[in-house]
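A quick write-up on the structure given underneath.
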Amino acid sequence: MSEVNNQLDTLLHEQRSFPPSEAFAKQANFNDPGVYERALKDPDGYWAEQAENITWFKPYDKVLEWNPPHAKWFVGGKLNAAYNAVDRHRQGPRKNKAAIIWEGEPGDDKVYTYEMLGREVDKAAHMLKNLGVKKGDRVTVYLPMIPELPITLLACAKIGAIHSVVFGGFSAKSLQDRILDGDSDVLITADGGWRRGGIVPLKANADEAVEGTKVRKVVVVQRIGEKSNATMVEGRDVYWHEEMAKAPTTPCPAEEMDAEDILYLLYTSGTTGKPKGIVHTTGGYLVGVNTSMRSVFDLKEEDIFFCTADIGWVTGHTYIVYGPLTAGATVVMYEGAPDFPERDRFWAIVEKYSATILYTAPTSIRTFMKWGPQYAEKHNLDSLRLLGTVGEPINPEAWMWYHEHIGKGRCPIVDTWWQTETGCAMIAPLPGITTTKPGSATRPVPGIDADIVDEQGNSVEPGHGGYLVVKKPWPSMLRTVWGDDDRFKRTYFGQFEGIYLPGDGAHKDEDSYFWILGRIDDVINVSGHRIGTMEVESAIVDHKSVAEAAVIGRSHEVKGQAITAFVTVKEGIETSPELVAQIKQHVVEKIGAMARPEEIIFTAELPKTRSAKIMRRLLRDIAEGRVLGDTTTLADPSVVESLKNQYAHTE
Ligand code: ATP
Ligand code: MG
């Protein structure tokens, strides 16, 4: 962070723009541009209006109590998240509407109507109680993307237990760290999960992880069955189906929770360092996520919402479970890999269930670009009407590919900037109002007072860059870091008094649009020019042979920093010294000579977190010959090892 001593220069030249079509605007939930101004003038009034979409057992007394950096939203209000996500829909016309359409990787599928989901949640809630779980207890959840995962979350919410989900791709050690940090004594896992036709040994990892923790009960879902070699530990381990069979089939009353009672605990992706245990509470979180379903995703009663994220990440918590379900939507949930059995799996799912909204990540889109458009072309994608992206800055070329090959030029794209900490989308277009520009998340959504400021905290003029900040509290903001309020204060509120610092650098263009340029710590300073990683990467990805790129600044005697680019090429492309020269020249043409990469390293893979974000800090460590920092959240540790060897060789 200290590297950003003055404003972030910017070099972006994206000129294309896409206004909403008249037809889309006409039908959109949010189509009055005045909403921004109104919400900015009276945020409490705006959020109070949105809170009417949530069912409260007892009305709140006050919208907001703000003692920076601690916020309380909907003070005094009582409610229950599972009641809002499931039970209230069982009483009306949505009773027999599909809540979750689930597809397993091997091709099995299941549909849960709201009524069916409600019964399962009730049974699971009784089961948890039978196992001794009480209000406020932490339940660690380490499951594949199977229906028992959202059912477990909702069952916890129903009885007021705090869920802490650990992504199924994490190792035993990572799981153990999170169990210990959350101090939980019950673990819900499975005998395995399917991934690319292989079995993920969740139970074996769980056995290793619970050693030396307080875990006294392990509930095991049988997902794999005979083919699994999971073993059960007498007295500690129980099967989900057996415990569920013992549980009463009567409704389980929804625990009356305070608006500020904790709903869940979830660790960040670990892109920039040791993961933080983010704490979300009940009332504000539900109001925030429910609102964004209607505003950013323009959700309608008949929509089929397909979010490709894993529930192990915040995107799955918010946009598979709490967002769509509190809004009474139908969500599609898929267990496995996008390339199993073939590379058209997502498109096959879109076609099979007539998905209308698709929400995925730039990293997936870049992978699809690398594979080529023929896989999407095999399927009828006419049902789609809106596309979304989240997780990283989307390179304009990837945006255009998504627009043309998936949206067929017809679907608005919502590029949604947000974080585990923010709970829901913060900077994003409203698809019926906002003209989009490829690569820009556009502007803060109504009710969010975000800005880009300089070192002193002054708002930068259009045409300049700086720190992205959120100036006022918002309902779904994190309340603290679990067990470490000092880290919460230091990390997010240490820079500017009472102002939230997300840690990303951004540029404000002439229309005051926001362009997220990457992590503050990733900003490169070449001979005094401050360059965001995203713009150089976007210029490289713009080259026809390139699939993906990660650039970093490594120390350089003369320039201060020199740009090193790690590049993966599209399938069938041969790498050569000519290609290196071409790519460098391409960057010079797109941005300017100061952004010319000093060196280009071709690699088959880039190091990514398990949520598939590029880990530039490790590339910096490699380029500067340092010992690698925290690698526990890497998806594939062999990628950095081979890059390290390759890099030493290049030098
Ligand atoms: P850690 O905080 O542990 O380093 P992380 O920041 O990757 O991990 P997440 O909360 O999963 O954990 O990711 C949030 C970050 O992802 C944002 O701060 C931002 O850098 C990036 N991001 C998410 N969506 C977008 C987007 N639409 N455009 C640009 N960047 C995005
Ligand atoms: Mg982060």
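Ligands are counted one by one from 1 in listed order, and the atoms in each one are counted from 1 as well. One-based numbering along the sequence shown.
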Within the distance-only criterion (no hydrogens, no angle test), does the side chain of Asn29 pair as donor or acceptor with the backbone N or O of Leu299 below 3.5 angstrom?
yes
So Thr268 and Glu421, do their side chains get closer than 4.5 Å, heavy atoms only?
yes
Step through the shown structure and confirm whether more than 12 heavy atoms of other residues, nucleotides or ligands are within 6.0 Å of CD on Glu605.
no
Provide, to 0.1 Å, the distance between [atom] and the closest protein heavy atom, together with that atom's residue and name.
atom                   : result
atom 6 (O) of ligand 1 : Arg519 NH1, 2.7 Å
atom 2 (O) of ligand 1 : Lys276 NZ, 3.3 Å
atom 9 (P) of ligand 1 : Thr420 OG1, 3.5 Å

Step through it carefully: locate the ring centre of His317, locate the ring centre of His163, and say whether they are under 6.0 Å apart.
yes
Trp347/Phe306 aromatic ring centres below 6.0 Å
no
Do the side chains of Glu537 and Arg366 get close enough for a salt bridge, i.e. N-O under 4.0 angstrom?
no
Return yes when Gly391 approaches ligand 1 closer than 4.0 angstrom through a heavy atom, no otherwise.
yes
Check for me whether Ser611 has a heavy atom closer than 4.0 Å to any atom of ligand 1.
no
Under 3.5 Å, is there a donor-acceptor pair between the Tyr319 and Ser292 side chains?
yes
Taking distance alone, with N or O pairs closer than 3.5 Å, would you say [X] contacts ligand 1?
X      : result
Lys274 : no
Lys613 : yes
Ile516 : no

May I ask you to identify, for Thr271, whether its side chain, its backbone, both or neither come under 4.0 Å of ligand 1 on a heavy-atom basis?
both
